[in-house]
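Residue numbers start from 1 in every chain, and the chains themselves are labelled A, B, ... in the order their sequence lines are given, proteins ahead of strands. These numbers come from a predicted model, not from an experiment.
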2 protein chains.
Amino acid sequence: MHIASHHRTAAKKCIIYQEGMDATWRRGSMGRPTIMDVAARAGVSQSTASLALRGSNRVRPATRERVLQAAEELHFTLSRSASSLASGRTMRIFMLVSPALNTWFNGAIMQGAYKALHRHGYDLIPYAVSNDAELSEFFATLRGGKNADGAIVSSFDLNDDFKRLLKTLDIPTIGLNTPTTEGFDASVCIDNIAAMGNAVRFLHSQGHRHLAFVEEPDFEPFSFSSSLRSRGFLDAARQLGYADDDLTVIRGEQTEGYHSPQDAISQIVARLLSAPKRPTGICVETDGFAVTLMQELRRQQLRIPEDCSVIGFDDDTVAAAVELTTIHQDPMTLGRRAAELVLKLIQHEAVESPHRIQETSLVLRNTTGPAPRQ
Amino acid sequence: MHIASHHRTAAKKCIIYQEGMDATWRRGSMGRPTIMDVAARAGVSQSTASLALRGSNRVRPATRERVLQAAEELHFTLSRSASSLASGRTMRIFMLVSPALNTWFNGAIMQGAYKALHRHGYDLIPYAVSNDAELSEFFATLRGGKNADGAIVSSFDLNDDFKRLLKTLDIPTIGLNTPTTEGFDASVCIDNIAAMGNAVRFLHSQGHRHLAFVEEPDFEPFSFSSSLRSRGFLDAARQLGYADDDLTVIRGEQTEGYHSPQDAISQIVARLLSAPKRPTGICVETDGFAVTLMQELRRQQLRIPEDCSVIGFDDDTVAAAVELTTIHQDPMTLGRRAAELVLKLIQHEAVESPHRIQETSLVLRNTTGPAPRQ
DNA sequence: TTGTACGCGTTATCAC
DNA sequence: GTGATAACGCGTACAA
C-alpha cells in the first residue's frame with residue numbers, strides 16, 4: 001500500500017496566494033506557505049505569529065491584526081500535524097462503535113459528540129469494528145497516547161483482556177452504554193433495567209397477565225447484546241407476582257443456526273403463539289426487531305394492539321413511522337455528554353460524578369392497549 | 001479555549017512498558033517510547049526501525065522481526081502526527097456532510113467510505129455544516145493541503161464563491177450526489193432525473209392520469225434540496241402526454257412560514273385533495289416525508305393504495321418498515337466509490353472516467369396499485 | 001510585548 | 001541492507 005511518490009510535491013493546482021506577493025516572501029515560488037512566511041509578511045517573528053494566530057492575549061491587537069491579515073493573504077492554515085507534534089496535543093478524539101457507523105444509535109452518538117468536540121477544535125474520528133482483530137488494532141492505534149487525546153467507547157462488553165488494555169491507555173477513555181464502567185475514566189449510560197421495569201409495569205396495568213421478552217437474534221456473531229434488558233424484564237415481572245410460566249423469554253442466541261433470518265423470525269412467532277400461556281404483552285429488545293416481529297405477527301392474523309401489545313426499545317426513526325409504543329432514549333445527548341466528559345478529563349478538570357445515568361421514558365403510541373378479554 | 005497545561009506531561013497511568021526494560025533504553029523512566037527506543041532495543045538504527053515498522057522490503061526479515069518485537073514489548077505505536085509532518089501525507093480524508101452525521105444517507109456514505117479508507121490506513125474525518133460560516137471554516141481548514149490528503153463533499157449545491165474555493169484546494173476533491181460536477185476532480189452521483197422517470201412511467205402504466213410531486217418542506221433554511229427530482233418528474237410526465245393541469249407540483253419553499261411542521265403538512269394535503277384534477281399518483285421527494293404525508297392522508301380517510309398511490313425516494317430504513325414503494329439508491333456504495341476515487345487521485349493514478357453515475361431502481365411494495373376507477 | 005533557540009517523532013536522502 | 005543527518009512546521013521556555 002505504500003506508493004512511491006515525490007516527497008513534498010508542490011501544490012498541483014493554481015496557487016492563488018502567489019498573486020500580489022511582495023519581496024518579503026522569500027521562499028521561492030513553490031511549496032505551501034508556512035508560519036514563517038506569515039511572520040515575515042507581517043514583519044514579526046515566527047513565535048509572535050504563532051501566538052497571534054492562536055489568539056493569545058500576549059500579543060498587541062495591532063500586531064495580531066497584521067498577522068491575521070498576512071495569513072489570509074497567503075491563504076495560510078496551521079498544520080495540525082506540526083501543531084500536534086510540537087504541543088503534544090493531537091486535538092483528536094476516537095470514537096469506537098460496532099458494527100458500523102450507519103446505525104440509528106451510532107449515528108446519533110456521533111452527531112452529539114461531533115458537535116461538542118468540534119466547537120472546541122477537536123476532530124472526531126470514528127472507528128468501527130466488527131471482530132476482535134479490529135478491536136486489537138484499535139487499541140494498538142491508541143496506545144502511547146500519541147494519536148489521540150481521548151477515546152469514547154460505545155456499547156462494548158469488553159472482555160478482561162481488553163479491559164486491561166483499556167487501563168494501560170494513557171488517555172482519558174469514556175464508556176457509552178457499556179454494561180460495566182470498569183476500566184473507564186468516566187461513562188454515560190442509560191438504565192436498561194429501570195427502563196424495562198417501566199414497560200413491564202405498564203403492561204401489567206393494562207391487564208396483561210402473560211408477558212414475553214424477545215431479544216434480537218444474533219445474526220452477526222460479534223454483535224453486542226447486553227442481557228440487561230431481559231434481566232430488567234424478568235426482575236420487574238417477578239416483583240409484580242408473575243409466575244415463571246406467565247413469562248416467555250426468547251434469547252437471541254436461541255435463534256442461531258437457521259437457514260435465513262426469515263426462518264428465525266417465523267420460529268420466534270411460532271414459539272410465542274404456541275406457548276402454554278400465550279403472551280399478550282410483548283417487549284422487544286429493539287425497535288428494529290419489533291417492527292420485523294409485528295410484520296410476522298400480522299401475517300399470522302394477529303391484530304395489534306387488539307390481540308396483543310408490543311413495546312419496542314430505542315424510539316428510533318422507524319418507531320415513530322410505524323407508531324410503535326417504545327422506550328425512548330436519547331443517544332445524541334449521550335454522545336454529547338461523553339464528549340464533554342473527555343474534554344474535561346483532557347483538561348484535568350475535576351469531574352464530580354464521572355459515571356452517569358441518563359433517563360429513558362416510555363412513549364405510548366398505537367401498538368399497545370388493554371389486554372384482550374378471556 | 002486554550003487551557004494552560006504542562007507541556008509534555010508524562011503518561012498519567014501505569015506505564016507498563018517500563019517492565020522488563022533493559023539498559024539499552026536510555027531515555028529515562030518518563031515519557032512515551034519513541035522509534036529511537038525501539039531501534040535501540042532492537043539494536044538497529046532509527047531509520048532501519050522506521051523501515052521495518054512500515055514493512056519495507058529493504059530490511060532483512062530477521063531484522064524486521066527484532067524491530068517488531070521490540071515495538072511490541074515497548075508498547076510502541078508510530079505517531080501519525082510525526083509521520084505526517086515528515087512524509088507530507090496526512091492519511092486523513094475529510095467528508096463534508098449536511099446538516100448532520102445522523103441521517104440515513106450520511107450514515108451510509110460514511111460507512112461506505114470508512115471501510116474503503118480504513119483498509120488503506122486512512123482516517124475518515126466527518127465534518128458537518130449547516131450554514132455558510134461553517135462551510136467557510138471547512139474550506140479554511142483544508143486550504144494549503146496540510147490537514148488532509150483529500151476530501152469528499154456530499155450533496156452540496158455550492159455557490160460560485162465556494163466553487164472557486166474548491167478549485168484552489170490543492171488536494172483531490174470528490175463530489176457525491178452534487179447537482180453539478182464543476183470544480184470536483186471526480187464525482188459519483190445518482191441520476192435523479194432518470195429515476196423519477198421510472199416512477200412516473202410506472203404510475204402511468206397503472207392507469208394514473210393525474211399525478212403529483214411533493215418536495216420535502218424546507219424547514220431548515222440551509223437544507224440542500226436539488227430540483228433535479230421535480231424536474232425529472234415533470235420531464236417524464238410531459239413526455240407521456242400529461243397536460244399541465246394533470247400535474248400538481250408542491251415546492252418545498254412554498255410551505256415556509258407556517259407555525260408548525262404539522263400546519264405545513266396539513267396544507268400540503270389540502271392542496272392535494274382540493275386540486276381540480278385530484279392526483280391519484282403521488283411522488284414524494286424523500287421516503288421520510290412520504291411517510292409523514294401518508295399518515296396525514298390516512299387521517300383524511302384516504303386509503304393507500306386503493307384511493308391513491310404513493311412513491312418515495314431513497315429506500316431508507318423506514319421505507320422497508322412501512323412497505324413503501326420507492327426508488328432505491330445505495331449510498332453505501334456511493335461512499336465507497338467516492339473513497340476509492342480519492343485514493344486513486346491521491347496516488348496520482350489515472351482515473352478513466354472520473355464522473356460516474358450510479359444506478360437506482362424502483363422497488364414495488366404496498367403503497368402503489370392501479371388507479372381507482374372513475 | 002516580542003524574539004531566540006530548541007525540540008517534538010518521524011521520513012527521506014544519500015552515503016556506506 | 002543499514003546508518004548518519006537533514007528536514008517537516010509549529011509550540012514554547014526563556015531571554016530581551
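Rounded to whole angstrom, the span from the CD1 atom of B/Ile35 across to the P atom of D/dT5 amounts to 18 Å. In this structure, CG of A/Asp37 is placed 14 Å from C1' of D/dC8, rounded to the nearest angstrom. Between B/Lys146 atom NZ and D/dG9 atom P there is a gap of 7 Å when expressed in whole angstrom units. Rounded to whole Å, atom P of C/dT11 lies 11 Å from atom CE of B/Met91. In this structure, the CG atom of B/Leu74 is 15 Å from the C1' atom of C/dG9, given to the nearest Å. Between the CG atom of B/Leu85 and the P atom of D/dC8 there is a distance of 9 Å, given to the nearest Å. Rounded to whole Å, atom P of C/dG9 lies 10 Å from atom CZ of B/Phe76. To the nearest angstrom, C1' of D/dG9 lies 9 Å from CG of A/Leu78.
Counted by atom type alone, B/Ser79 and B/Ser81 present zero donor-acceptor pairs between their side chains at under 3.5 Å.
Looking at heavy-atom distances under 4.0 Å, A/Ser50 makes contact with a base. Among the protein residues, B/Ser56 comes within range of no part of the nucleic acid, since none of its heavy atoms lies under 4.0 Å from any strand.
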Pairs under 3.5 Å (N/O, protein and nucleotides 1-3 of chain C):
from, atom 1, to, atom 2, distance (Å)
C/dT2, OP1, A/Thr63, OG1, 2.6
C/dT2, OP2, A/Arg60, N, 2.9
C/dT2, O4, A/Arg58, NH2, 3.3
C/dG3, OP2, A/Ser45, N, 2.7
C/dG3, OP2, A/Ser45, OG, 3.3
C/dG3, OP2, A/Thr48, OG1, 3.0
C/dG3, N7, A/Ser47, OG, 3.1

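Under the rule for a side chain to side chain donor-acceptor pair (under 3.5 Å), the partners of B/Arg336 that lie at least two apart in sequence or sit in another chain are B/Glu340. Scanning for side chain to side chain contact (heavy atoms under 4.5 Å, CB included) contacts around A/Ala71 gives A/Val38, A/Leu53, A/Phe76, with sequence neighbours left out. Residues passing the side chain to side chain donor-acceptor pair (under 3.5 Å) test with B/Arg64, sequence neighbours excluded: none. Take A/Tyr114 and apply the ring pair (Phe, Tyr, Trp, His ring centres under 6.0 Å) test, not counting sequence neighbours, and it matches A/His118.
Distances shorter than 4.0 Å separate some side-chain N or O of B/Arg89 from OP1 or OP2 on C/dA12. Phosphate proximity of C/dA12 to B/Arg54: present, with a side-chain N or O under 4.0 Å from OP1 or OP2.
Applying the salt bridge (charged side-chain N to carboxylate O under 4.0 Å, His left out) rule to pairs touching residues 121-132 of chain A yields A/Arg80-A/Asp123, sequence neighbours excluded.
The aromatic rings of B/Tyr127 and B/Phe94 sit tilted relative to each other, their planes meeting at an angle between 30° and 60°.
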